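Below is one structure, written out as structure tokens; the observations come after it.
All values derive from a computational prediction rather than experimental measurement. Counting begins at 1 with the first residue of the sequence.
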Amino acid sequence: MRILRSVDGFTYLAAIMIVVIMGIMLGVSGQLWRTTMKREREEELLFRGQQYKAAMERWYKPGGPGQPPPSSLNDLKDLLKDPHSTTTVRYIRRLYKDPVTGKDFDVVRQPGKGIVGVMSTSEDEPLKAGGFPKGLEALEGANQYKKWLFALSLDASGKGGTTGQQAGGGQSASPGQAAPAGTAGMPSGWSYPGATGTPAR
């Protein structure tokens with residue numbers, strides 16, 4: 001009888017150990033899966049942000065001799081069909097959602113020039129901290145996705161300048177412009193979510 005009780009006790013302990021080990025393995029697998037999915041969303045955010053930035057660069061590209069200067073971009077939908085053109089002129093294939101939140105991107109505006117960039121609204125911390133594509137080096141070290149700013153700065157003539165700034169710190173303001181307090185990466189006068197407490201849309 002003692003032998004049987006000993007065997008039963010060993011079987012019970014072995015079953016508990018198996019359950020514990022399986023729980024640990026499932027936890028590790030779940031964490032790896034979440035990390036993989038987050039990394040994929042980051043890559044998609046970089047892709048979509050660059051698509052918007054490239055579309056805006058084409059929108060604001062100066063016309064040829066005798067052609068009117070580029071107009072302000074007032075709505076991202078205009079990138080699908082330029083309302084100022086008699087023909088269908090598309091600057092982007094489709095309007096993308098923010099892959100991190102699943103919602104629309106917030107827009108960044110420059111006074112007198114219209115929309116010049118997009119940004120995520122997520123306050124989550126990115127996994128990626130370096131090794132960004134050319135033109136987005138200023139995003140390195142950002143501790144929130146909403147600080148990944150995909151934008152171009154425009155001079156007085158409407159021509160595009162530097163792109164890929166980090167909201168809230170990363171790239172200094174344009175020459176002659178002072179960044180608002182707490183937004184070292186944003187040129188003075190730019191409108192963006194959080195600047196005045198009202199989302200810029």
Side-chain angles (χ1 to χ4, degrees), residues 24-58 60 73 76 79 92-110 115-154 160-201:
I24 294 174
M25 292 179 64
L26 288 174
V28 172
S29 299
Q31 182 61 38
L32 289 174
W33 180 82
R34 287 191 293 271
T35 300
T36 300
M37 294 300 295
K38 186 173 183 177
R39 199 177 301 279
E40 289 181 356
R41 285 193 293 268
E42 284 185 1
E43 292 300 320
E44 188 65 19
L45 176 59
L46 288 171
F47 169 77
R48 296 182 182 187
Q50 290 181 96
Q51 289 294 303
Y52 274 116
K53 189 179 65 173
M56 293 175 196
E57 288 173 347
R58 289 190 289 270
Y60 287 110
L73 178 61
L76 291 178
L79 295 174
I92 195 169
R93 288 169 51 189
R94 63 186 180 89
L95 296 183
Y96 296 99
K97 296 283 187 180
D98 176 356
V100 178
T101 64
K103 301 177 182 179
D104 292 335
F105 280 93
D106 265 318
V107 298
V108 180
R109 298 178 185 273
Q110 186 172 351
I115 299 173
V116 295
V118 298
M119 60 191 294
S120 175
T121 60
S122 174
E123 297 182 353
D124 291 346
E125 183 176 358
L127 293 173
K128 190 177 182 68
F132 288 91
K134 184 178 180 181
L136 297 179
E137 295 89 347
L139 303 186
E140 295 190 7
N143 60 0
Q144 292 179 320
Y145 288 117
K146 69 178 184 179
K147 294 182 180 180
W148 286 14
L149 178 62
F150 304 94
L152 59 153
S153 61
L154 302 175
T162 57
T163 59
Q165 302 181 42
Q166 180 190 131
Q171 183 169 333
S172 60
S174 301
Q177 296 177 315
T183 56
M186 297 294 295
S188 177
W190 279 28
S191 173
Y192 69 100
T196 61
T198 302
R201 289 190 180 276

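Counting heavy atoms from C-beta outward, V116 and R109 have side chains that stay 4.5 Å or more apart.
Applying the salt bridge (charged side-chain N to carboxylate O under 4.0 Å, His left out) rule to pairs touching residues 32-41 yields nothing, sequence neighbours excluded.
Of all non-hydrogen atoms in I92 and L95, the two that sit nearest each other are CG2-CD2, 4.4 Å. Residues S120 and F105 approach most closely at N-CD2, 4.0 Å, considering heavy atoms. Summarising the geometry of S122 relative to D124, their closest heavy-atom pair is OG-N, 3.2 Å, with the distance given to 0.1 Å.
Checked by atom type and distance alone, the side chain of Y96 never pairs as donor or acceptor with a backbone atom of F47 at under 3.5 Å.
Q50 meets the side-chain hydrogen bond (donor to acceptor under 3.5 Å, both in side chains) test with no other residue; sequence neighbours excluded. Scored by the side-chain hydrogen bond (donor to acceptor under 3.5 Å, both in side chains) test, T101 finds D98 as partners (sequence neighbours excluded). Evaluation of the side-chain hydrogen bond (donor to acceptor under 3.5 Å, both in side chains) rule for E42 yields Y145 as partners, not counting sequence neighbours. Evaluation of the salt bridge (charged side-chain N to carboxylate O under 4.0 Å, His left out) rule for E44 yields R48 as partners, not counting sequence neighbours. Evaluation of the side-chain contact (heavy atoms from CB on, under 4.5 Å) rule for E123 yields Q144, K146 as partners, not counting sequence neighbours.
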Take L79 and L76 through the side-chain contact (heavy atoms from CB on, under 4.5 Å) test and state the conclusion after the steps.
-> CA-CA 6 Å; L79 295 174; L76 291 178; 4.1 Å; yes
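Taking CG from L139 and CZ from F150, the interatomic distance works out to 6.0 Å, rounded to the nearest 0.5 Å. Between the NZ atom in K147 and the CG atom in L149 there is a gap of 12.5 Å [rounded to 0.5 Å]. Within the model, atoms CZ of F132 and CG of L46 stand 6.0 Å from one another, a figure rounded to the nearest 0.5 Å.
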